[in-house]
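The block underneath contains the structure these notes are about, expressed in structure tokens.
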Amino acid sequence: MLKGKRVLVTREKAQAKALSQTLERYGAIPIELPLIRIERAKQLDDALVNEWHTYDWIVFTSQNGVKYFFELIGEIKPPTWPKVAAVGEKTAKALQKRNIVVDLVPIEFVAESLAESLTLLLSTHARILLVKGNLARDTLREQLNNIADVTDWIVYETTINEEAKSQVVALLQQRLIDVITFTSSSTVRSFERAIAKENVDLSFVTIACIGPITKQTALDLGIPVHVCPHTYTIDAMVQELYQYFQTRGE
């Protein structure tokens, strides 16, 4: 029952299309207004460009990590790859499209589950390279540090899209949005900054978060959450939205 619902897509511009297309299949009207920007990290550990393949495991925490990792290493093809772990199925698919064998995808697509699964597979004194963004949580590092040698490699940066603030406020004040979707904690934080000190009423809006971490960020910032799927994917979030409105008869 999403037909005609105006859904705000807040994720980064390059990634918004997939969510918009899914929404359109359900009859919704996506309104793309990226609240964040993602770009290659300005300060990089150049030594890792040549040393990444010497680690026992490489852990990818997002599709963006995959994208910028391969931009950095270019055409380098080592004799053998380290073991590879991906936080979720979308990240795993991004690797598989590059013909990379993914050795581990956790049952739940969150860092806690990945750390628990990876711990069972680590050899003594294993060396792990975490490919991540500047705003990634420290959960993996904290949980793995006690049993492995962990190195962070920040390959991309997430920043707030300042230009979107006034547009978000205007859409909400005019009640031109029925649903807001959040696919990361950074989109939630950017949204909260956009509406801070503004006369914005969220009581008429349905808010959907892709997973528990994003949901908790929203709740911590005083933003209500109505929809959060058990499987942390775009498809599951939109399906859950559909069922939410169907149950309400809207």
List the residues meeting side-chain contact (heavy atoms from CB on, under 4.5 Å) with Ala164, not counting sequence neighbours, and say none if there are none. Leu33, Leu35, Asn161

Here the side chain to side chain donor-acceptor pair (under 3.5 Å) pairs for residues 77-86, sequence neighbours left out, are none

Please report, to 0.1 Å, the donor-acceptor pairs under 3.5 Å made by any side chain of residues 139-146, with sequence neighbours excluded.
residue	atom	partner	partner atom	Å
Thr139	OG1	Arg137	NH1	3.1
Arg141	NE	Asp152	OD2	3.0
Arg141	NH2	Val150	O	3.2

Please find the pair of heavy atoms, one from Glu89 and one from Val105, that lie closest to each other, and give the distance. N-CG1, 4.1 Å

When clusters are formed from ILVMFWY side-chain contacts under 4.5 Å, directly or step by step, what else is grouped with Ile154? none

Decide yes or no for Thr10 and Val188: does some side-chain heavy atom of the first lie under 4.5 Å from some side-chain heavy atom of the second? no

Show the nearest heavy-atom pair for residues Leu104 and Trp57, with the distance to one decimal. CB-CZ3, 4.2 Å

Run the side-chain contact (heavy atoms from CB on, under 4.5 Å) test against Gln43 and tell me which residues pass, sequence neighbours left out. none

Tell me every residue that passes side-chain contact (heavy atoms from CB on, under 4.5 Å) with Ser20, counting only those two or more places apart in sequence or in another chain. Val9, Pro30, Glu32

Contact list for residues 10-24, test salt bridge (Lys or Arg N to Asp or Glu O under 4.0 Å), sequence neighbours left out: none

Among all residues two or more places apart in sequence or in another chain, which pass the side-chain contact (heavy atoms from CB on, under 4.5 Å) test with Lys215? Cys209, Leu219, Val225, Cys228

I'd like to check the side-chain hydrogen bond (donor to acceptor under 3.5 Å, both in side chains) partners of Arg193; sequence neighbours left out, ordered by chain and number. none

Filter on salt bridge (Lys or Arg N to Asp or Glu O under 4.0 Å), then keep only pairs touching residues 166-188, sequence neighbours left out; what's left? Arg6-Asp178, Arg175-Asp201

Nearest 0.5 angstrom please: Asp138 CG to Lys132 NZ, how far? 5.0 Å

For Leu135, what are the other residues in its hydrophobic cluster, where any two members join if their side-chain heavy atoms are less than 4.5 angstrom apart? none

Can you name the residues that form a ring pair (Phe, Tyr, Trp, His ring centres under 6.0 Å) with Phe69, not counting sequence neighbours? Trp52, Phe60, Trp153

Can Glu51 and Arg127 be counted as an ion pair, charged N to O under 4.0 angstrom? no

